[in-house]
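Below is one structure, written out as structure tokens; the observations come after it.
Please read all numbers here as calculations on a predicted model, not as lab measurements.
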Amino acid sequence: MTPPDPGAPAADTVTGTATGTGTATGTRTTAAALTTPRTLWRRSRGFLICLGILIVAAVTLAALASGSRHGRLDPRSADPDGSRAVSELLRARGVTTRVVTTAREAAAAAGPGTTLLVTDPDRLGESQLRAIRSAIDLSGGRTVLLAPGSPSLPDLTPAARTKGTAFDENLDPGCPRPAAATAGSAATGGEHR
């Protein structure tokens with residue numbers, strides 16, 4: 001074998017032959033020749049498969065979680081805190097429900113033939129309470145407040161008074177209206193003794 005010519009360009013492969021009891025031919029390949037697409041795939045396929053599985057799992061979990069969670073008593077929600085069943089029962093009786101998520105939308109939706117249901121009124125700010133109060137005064141419809149407390153009750157219904165506490169199991173109506181007497185006692189979800 002002759003030594004390489006110093007003026008010649010470097011070769012990617014050097015082949016040589018050795019003699020002795022047998023003949024061997026050896027090949028030396030440079031690093032550039034080892035990085036073929038096939039070699040890169042073999043080296044990185046485990047990592048890429050794991051990464052792909054993680055991405056698919058994350059997208060699946062995000063898709064399952066999106067759209068299924070709504071606010072408390074939301075008629076679109078079948079969650080334990082949702083009210084889709086009530087909405088479906090009302091729809092079967094010809095009553096339509098419309099979900100609004102801002103006080104302004106609620107005020108615009110209120111009218112003489114509507115019932116405005118306000119969930120968690122204590123979470124409303126001052127301007128929101130004013131908008132809801134204005135809707136109550138101007139609409140002529142019914143308004144139902146769920147779990148109003150001392151922060152919101154005086155602003156939304158100044159004439160209303162509370163009776164009992166959250167620890168009472170059942171409360172009798174303290175109202176002379178026939179509908180209240182027909183409805184009877186209300187279970188407040190208090191502690192059972």
Side-chain angles (χ1 to χ4, degrees), residues 52-175 177-192:
I53 290 170
L54 285 174
I55 289 172
V56 167
V59 168
T60 301
L61 288 174
L64 290 174
S66 69
S68 64
R69 287 286 192 198
H70 299 285
R72 184 171 165 240
L73 297 176
D74 191 319
R76 299 170 293 190
S77 174
D79 294 339
D81 288 339
S83 64
R84 182 183 291 171
V86 173
S87 178
E88 294 298 323
L89 290 172
L90 290 171
R91 184 177 318 187
R93 288 168 177 76
V95 177
T96 58
T97 58
R98 179 174 153 205
V99 178
V100 294
T101 56
T102 66
R104 229 174 250 196
E105 289 175 341
T114 63
T115 298
L116 179 62
L117 173 65
V118 182
T119 60
D120 293 327
D122 289 347
R123 297 178 73 183
L124 299 174
E126 260 185 62
S127 63
Q128 294 167 322
L129 287 170
R130 280 195 303 272
I132 296 292
R133 175 57 197 259
S134 175
I136 290 170
D137 291 342
L138 298 175
S139 72
R142 292 177 300 273
T143 303
V144 177
L145 304 174
L146 290 182
S150 55
S152 64
L153 193 60
D155 291 334
L156 293 175
T157 55
R161 301 288 176 255
T162 59
K163 179 182 177 186
T165 65
F167 298 107
D168 293 337
E169 190 173 330
N170 291 310
L171 292 176
D172 292 324
C175 177
R177 293 185 174 194
T182 303
S185 297
T188 61
E191 295 179 0
H192 297 282

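The heavy-atom pair separating Leu156 from Pro121 by the smallest distance is CD1-CB, 3.8 Å. Contact record, Leu129 with Pro151: CD1-O, 4.4 Å, taken as the closest heavy-atom pair. In terms of heavy-atom proximity, Asp155 sits nearest to Arg133 at O-NH1, 3.3 Å. Residues Ala109 and Arg98 approach most closely at CB-NH1, 3.6 Å, considering heavy atoms. When all heavy atoms are compared, the tightest approach of Ala107 to Ala131 is CB-O, 3.8 Å. Contact between Thr97 and Pro75 at its shortest, heavy atoms only, is OG1-CB, 4.3 Å.
Between the Ser139 side chain and the Ala135 main chain, a donor and an acceptor come within less than 3.5 Å of each other. For Thr114 (side chain) and Ala110 (main-chain N/O), no donor-acceptor pair under 3.5 Å exists by modelled atom type.
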(request) Evaluate side chain to side chain contact (heavy atoms under 4.5 Å, CB included) for Arg130 paired with Ser134, printing each intermediate quantity in order. (result) CA-CA 6 Å; Arg130 280 195 303 272; Ser134 175; over 6 Å; no
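Ionic pairing of Glu88 and Arg84 is not present here: no N-O contact between side-chain nitrogen and carboxylate oxygen is shorter than 4.0 angstrom.
The line from CD1 of Ile132 to OG1 of Thr157 is 12.5 Å long, rounded to the nearest 0.5 Å. In this structure, the separation between OG on Ser87 and CZ on Arg76 is 10.5 Å, given to the nearest 0.5 Å.
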